[in-house]
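Below is one structure, written out as structure tokens, with a few remarks after it.
For reference, positions follow the sequence shown, starting with 1. Fair warning: this is a prediction, and the values are worked out from it, not measured in the lab.
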Amino acid sequence: MQVSSLNEVKIYSLSCGKSLPEWLSDRKKRALQKKDVDVRRRIELIQDFEMPTVCTTIKVSKDGQYILATGTYKPRVRCYDTYQLSLKFERCLDSEVVTFEILSDDYSKIVFLHNDRYIEFHSQSGFYYKTRIPKFGRDFSYHYPSCDLYFVGASSEVYRLNLEQGRYLNPLQTDAAENNVCDINVVHGLFATGTIEGRVECWDPRVRSRVGVLDCALNSVTADSEINSLPTISALKFNGALTMAVGTSTGQVLLYDLRSDKPLLVKDHQYGLPIKSVHFQDSLDLILSADSRIIKMWNKNSGKIFTSLEPEHDLNDVCLYPNSGMLLTANETPKMGIYYIPVLGPAPRWCSFLDNLTEELEENPESTVYDDYKFVTKKDLENLGLTHLIGSPFLRAYMHGFFMDIRLYHKVKLMVNPFAYEEYRKDKIRQKIEETRAQRVQLKKLPKVNKELALKLIEEEEEKQKSTLKKKVKSLPNILTDDRFKVMFENPDFQVDEESEEFRLLNPLVSKISEKRKKKLRLLEQQELREKEEEEEPEGKPSDAESSESSDDEKDWVEEVRKQRRLLHQEEKMKWQEQLKEDQQTVLKPQFYEIKAGEEFRSFKDSATKQKLMNKTLENRLKLEAKNGTLSVSDTTVGSKQLTFTLKRSEQQKKQQEAEKLHRQERKKLRRSAGHLKSRPRRGRPFH
């Protein structure tokens with residue numbers, strides 16, 4: 001459980017706490033509840049109060065006993081019994097639900113509006129009837145006196161379905177291209193619809209005529225607001241007979257008195273996100289407005305913020321439990337949110353123990369991952385030397401990494417780097433000592449990193465100061481005294497590499513001009529050593545070496561660039577020669593090739609000829625095969641051409657075919673000779 005406080009208003013998150021992975025078995029979950037104190041002490045107000053993927057809408061029945069929520073995936077509706085604190089039933093649907101309405105006091109009569117234009121009616125036993133509207137619906141309201149359902153959507157018409165007669169009535173024709181939301185006042189039955197043009201049209205269901213239009217888009221623009229597009233109506237809610245709250249797609253909430261076309265109050269969420277829902281809290285005269293990021297509670301008379309609630313995940317819907325301080329949210333996450341605000345009202349009757357429990361709660365950080373498991377990537381496993389555990393029960397594959405036990409992770413990390421804590425402790429002690437030294441009176445000393453750059457900046461600053469004294473010009477801030485560039489002179493990763501090729505070509509005169517600074521640096525280092533030995537801090541004296549500098553320091557920029565290029569060319573040549581020597585020293589080993597079964601090795605020339613043949617174009621290959629006799633081209637009667645390919649035979653196949661041909665010829669000769677002998681007459685005496 002998590003406790004947050006804003007404007008001295010405590011908000012208790014009852015759905016926050018240790019979350020167990022879904023892939024854990026029931027046996028392991030029970031074992032964790034026995035071993036882990038945090039899991040055992042967490043508050044699970046309603047059992048299985050979640051959806052498989054996302055929850056879209058959530059509502060409470062009029063008697064307060066049932067909580068109904070719709071979500072995905074697959075599309076479904078779940079009903080929770082608050083008296084039993086568990087799931088009562090779950091029904092899967094054919095398509096996703098846009099919104100739904102509970103017509104009875106309990107769950108026995110429910111109407112669902114789907115995103116495929118279907119309207120589905122459910123009774124206490126389950127599915128009852130399904131019908132369809134001409135256009136895609138976005139919202140609907142139920143008029144109890146006439147038993148009419150009013151549907152608005154991607155059309156200028158408001159469709160009416162009478163549940164008593166069981167048929168559609170004549171639609172209401174609005175002036176808008178599309179309608180987003182609608183609501184009916186329970187006191188006098190006025191029907192209001194919010195259009196895509198930023199207007200609210202009010203209709204009287206008794207005479208089926210429009211009685212008024214409010215231009216909310218024009219009134220939502222204030223001097224402080226920045227609007228890039230036309231505000232459309234995204235939320236609408238009546239309170240009493242004369243009050244109406246309107247939410248826009250640009251994040252403004254307008255409070256109207258129906259007797260005036262000007263808003264009483266305009267409240268901006270400052271996020272620029274569409275308002276999802278608006279609710280009234282009568283006991284404290286509060287309005288609860290919610291977009292996808294935040295829920296704001298503010299006074300409807302003054303507009304002053306009472307408190308705000310910013311969940312971890314985006315919001316889809318908000319429901320205020322009647323006559324209590326409990327708030328239910330549908331989020332872009334499987335777990336649905338339950339928040340208890342004691343200032344708004346007491347806890348509901350079915351969870352009255354919250355009033356006693358909230359007095360003893362302390363603030364605990366909200367955990368966004370599994371507390372007993374650590375998520376590691378494959379690279380982390382390689383650094384820890386645990387790649388051999390992949391596939392074992394110690395690692396559970398998840399997305400682009402693995403889950404492992406947090407205790408195992410800490411043990412292995414301690415074994416891999418046993419001195420990590422000692423190094424961290426020494427760094428902290430060193431930072432504390434440096435902070436205490438910085439408070440003392442010190443002379444201006446050069447930093448540890450980029451000393452030459454710092455010296456250059458100091459010299460430029462001195463020159464600027466001299467020029468400003470003469471010309472009386474405002475001096476610009478120095479980089480050394482600017483906190484934004486502080487890390488550049490403290491972190492060794494920002495050290496300028498003067499030996500790199502880019503630095504030498506871009507700054508060809510730095511090597512000569514910086515000799516003066518290098519001499520200064522040597523003198524300053526010698527002076528620091530003397531100060532350490534003598535344990536004193538005398539002021540630095542200018543060295544005589546500055547006056548003895550030769551005039552050879554100032555050379556032409558072109559000559560210096562040429563010199564640097566020659567040096568770089570020589571370095572590259574030396575590297576190439578060293579690589580050539582290494583290549584000559586290496587001994588080449590013979591390579592062996594494997595011949596496929598059924599093939600004969602003749603020479604490497606065949607492979608070369610094959611490679612040459614493959615490099616030729618298709619036209620040249622066809623001409624070559626036509627010359628060799630392996631290809632014949634003939635015209636057909638239709639007008640197209642017919643290509644006939646003959647496969648090439650190897651020498652072994654040719655020899656085998658010649659041997660078979662000779663064998664056939666010998667057999668033919670033997671047959672002929674045998675037939676000739678049979679046809680000759682037999683000589684000698686006849687048989688008696």
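For the residue pair Glu96 / His114, no side-chain donor-acceptor distance below 3.5 Å is found, with atom types taken as modelled. A side-chain N or O of Trp298 and one of Ser289 form a donor-acceptor pair less than 3.5 Å apart. With no hydrogens or angles considered, no side-chain donor-acceptor pair links Ser156 and Glu178 at under 3.5 Å. Side chain to side chain, Asp291 and His269 meet the donor-acceptor criterion of an N or O pair below 3.5 Å. Using a 3.5 Å distance cut-off with no hydrogens or angles, the side chains of Thr377 and Asp380 do pair a donor with an acceptor. Residues Ser155 and Glu157 have side chains that never bring a donor and an acceptor to within less than 3.5 angstrom of each other. The closest side-chain donor-acceptor pair between Ser61 and Asp63 falls under 3.5 angstrom. A donor-acceptor contact closer than 3.5 angstrom is absent between the side chains of Glu310 and Ser308. With no hydrogens or angles considered, no side-chain donor-acceptor pair links Asp106 and Gln65 at under 3.5 Å.
A donor-acceptor pair under 3.5 Å links the side-chain atoms of Thr193 to the main chain of Val181, judged by distance alone. With hydrogens and angles disregarded, no donor-acceptor distance shorter than 3.5 Å links the side chain of Asn180 to the backbone of Ser234. With hydrogens and angles ignored, the 3.5 Å screen pairs a side-chain donor or acceptor of Arg78 with a backbone N or O of Glu50. When atom types are taken as modelled, the side chain of Arg160 and the backbone of Asn170 share a donor-acceptor pair closer than 3.5 angstrom. Formation of a donor-acceptor pair under 3.5 Å by the Lys267 side chain with backbone atoms of Gly303 is found in this model. With Tyr321 contributing its side chain and Gly64 its backbone, the two residues share a donor-acceptor pair below 3.5 Å. Side chain of Thr70 to backbone of Thr56: no donor-acceptor contact under 3.5 angstrom is found. A donor-acceptor pair under 3.5 Å is absent between the side-chain atoms of Asp204 and the main chain of Val211, judged by distance alone. At distances below 3.5 Å, not a single donor-acceptor pair connects side-chain atoms of Ser249 with backbone N or O atoms of Pro231.
Listed by chain and residue number, nothing satisfies the salt bridge (Lys or Arg N to Asp or Glu O under 4.0 Å) test with Glu197 (two or more places apart in sequence, or in another chain). For Arg132, the salt bridge (Lys or Arg N to Asp or Glu O under 4.0 Å) criterion is met by no residue, not counting sequence neighbours.
Ring orientation note: the planes of Phe100 and Phe112 are tilted relative to one another, at an angle of 30° to 60°. Taking the six-membered ring for Trp and thresholds of 30 and 60 degrees, Phe403 and Phe375 have ring planes more than 60 degrees apart, a perpendicular arrangement. Between Tyr142 and Tyr144, the ring planes lie perpendicular to each other; the angle is over 60°, past the 30° to 60° tilted range.
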Test side chain to side chain donor-acceptor pair (under 3.5 Å) applied to Ser283 and Gln281, step by step
CA-CA 6 Å; Ser283 61; Gln281 213 280 340; 2.7 Å; yes
What's the verdict on side chain to side chain donor-acceptor pair (under 3.5 Å) for Thr57 and Asp317, showing C-alpha distance, side-chain angles and the deciding distance?
CA-CA 5 Å; Thr57 53; Asp317 194 13; 5.2 Å; no
Verify side chain to side chain contact (heavy atoms under 4.5 Å, CB included) between Leu254 and Leu265, making sure each step is shown before the conclusion.
CA-CA 6 Å; Leu254 294 85; Leu265 193 65; over 6 Å; no
Let's go through Asp261 and Tyr256 carefully: what are the C-alpha distance in whole Å and the side-chain angles of both, what is the deciding distance for side chain to side chain donor-acceptor pair (under 3.5 Å) to 0.1 Å, and is it a yes or a no?
CA-CA 8 Å; Asp261 59 348; Tyr256 278 95; over 6 Å; no
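When the shell of 6.0 Å around OH of Tyr168 is examined, it contains more than 12 heavy atoms from other residues, nucleotides or ligands.
Residue Asp94 forms a salt bridge (Lys or Arg N to Asp or Glu O under 4.0 Å) with just one option from Arg117, Lys74, Lys130, Arg76, and that option is Lys130.
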